[in-house]
Peer 1: 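Dropping the structure in here first, questions after.
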Amino acid sequence: MRRAGALSDPMDTFPALREEQFRAIEEQALITPEHKTHAPRILLLYGSLRERSYSRFATQEAARLLRRFGAETRIFNPAGLPLPDDSPADHPKVAELRELALWSEGMVWCSPERHGAMTGVMKSQIDWIPLSMGGVRPTQGRTLAVMQVNGGSQSFNAVNQMRILGRWMRMVTIPNQSSVPKAFNEFDESGRMKPSPFYNRIVDVMEELIKFTLLVRDRADHLVDRYSERVETAAEVSKRVNQQRQ
């Protein structure tokens with residue numbers, strides 16, 4: 001393996017590179033990071049306000065499984081959450097959601113598919129979580145599992161959209177996912193999911209989420225440490241110091 005800084009070509013020069021902000025990859029930080037011992041913290045969001053909400057039922061099943069795998073879970077109730085930009089960020093429901101996002105180390109997003117897309121309820125929750133809050137990024141470096149429920153035949157439109165959003169929010173979205181067709185057939189009167197291959201898939205997804213969360217959370221600081229952000233931060237410090245000298 002060629003190490004950073006080892007030049008073999010006379011054209012391997014970097015006039016545009018800020019050398020003081022360039023760092024070699026710290027393999028040891030990835031191989032043997034400091035190990036966190038607390039239970040993985042998972043926030044679960046669902047995308048329906050219906051009294052008999054199948055996305056909520058699926059989310060509750062996921063939370064039970066996560067706790068069985070040893071996680072600590074919190075489920076956010078979207079009832080009362082205002083539309084994005086329709087209220088200030090100190091609205092109680094917005095503040096609750098953002099605090100939970102900061103608390104979490106991984107997330108589960110579960111939405112019904114409506115008109116071939118995730119619901120507005122689901123999108124509003126995601127839109128209220130900013131990329132940055134006072135220098136802290138509430139989603140960057142977190143893991144994410146995506147699920148959807150359908151009123152008709154199986155579809156993957158909502159989970160595909162949520163994958164795009166997860167990438168935009170700089171989250172590590174796990175490969176596995178769940179899509180439950182004809183969800184009205186998959187839950188009993190009490191809202192518990194019946195035994196089926198669709199339930200088995202949710203078990204698979206939660207098992208994978210815990211594995212990825214345990215791998216990623218110890219390494220998250222190193223994984224999301226970026227050259228471009230170090231340059232920007234250095235530039236901001238330099239600007240502030242120069243202003244003080246004027």
Peer 1: Passes side-chain hydrogen bond (donor to acceptor under 3.5 Å, both in side chains), Arg67 versus Thr73? Steps please.
Peer 2: CA-CA 7 Å; Arg67 290 192 293 272; Thr73 64; 2.8 Å; yes

Peer 1: Is Asp225 paired with Arg230 through a side-chain N to carboxylate O contact shorter than 4.0 Å?
Peer 2: yes

Peer 1: Is there a donor-acceptor contact under 3.5 Å from the side chain of Tyr227 to the main chain of Leu17?
Peer 2: no

Peer 1: Check Glu105 with Arg41, please: is the shortest side-chain N to carboxylate O separation under 4.0 Å?
Peer 2: yes

Peer 1: Looking only at non-hydrogen atoms, find the nearest pair between Ala145 and Met206 and report the distance.
Peer 2: CB-CE, 4.3 Å

Peer 1: Less than 6.0 angstrom from the centroid, inside 45 degrees of the normal: does Arg98 satisfy that with respect to the ring of Trp128?
Peer 2: no

Peer 1: Run the salt-bridge test on Lys123 and Asp127 with the 4.0 Å N-O cut-off and return the result as yes or no.
Peer 2: yes

Peer 1: Among pairs that include at least one residue of residues 155-173, which meet salt bridge (Lys or Arg N to Asp or Glu O under 4.0 Å), considering only residues two or more places apart or in two chains?
Peer 2: Arg170-Glu229

Peer 1: Could you check whether Arg192 pairs with Glu61 (Lys NZ or Arg NE/NH1/NH2 to Asp/Glu carboxylate O, under 4.0 Å)?
Peer 2: yes

Peer 1: Apply side-chain hydrogen bond (donor to acceptor under 3.5 Å, both in side chains) to Arg226 and Gln140, showing your working.
Peer 2: CA-CA 12 Å; Arg226 295 183 178 87; Gln140 181 169 263; 2.5 Å; yes

Peer 1: Are the side chains of Met147 and Ile202 in contact, using a 4.5 Å heavy-atom criterion?
Peer 2: yes

Peer 1: Counting only heavy atoms not in Trp168, do more than 12 fall under 6.0 Å of its CH2?
Peer 2: no

Peer 1: Report the C-alpha distance between Thr213 and Thr143 in whole Å, list the side-chain angles of each, state the deciding distance to 0.1 Å, and finish with yes or no for side-chain hydrogen bond (donor to acceptor under 3.5 Å, both in side chains).
Peer 2: CA-CA 6 Å; Thr213 303; Thr143 53; 2.6 Å; yes

Peer 1: Can a cation-pi geometry be assigned to Lys93 and Phe76, taking NZ or CZ under 6.0 Å from the six-membered ring centre and within 45° of the ring axis?
Peer 2: yes

Peer 1: Donor-acceptor pair, Glu113 side chain versus Met118 backbone, under 3.5 Å?
Peer 2: no

Peer 1: Can you name the residues that form a ring pair (Phe, Tyr, Trp, His ring centres under 6.0 Å) with Phe187, not counting sequence neighbours?
Peer 2: Tyr54, Phe57

Peer 1: If we check side chain to side chain contact (heavy atoms under 4.5 Å, CB included) with Trp109, which of these qualifies: Thr173, Leu144, Val159?
Peer 2: Leu144

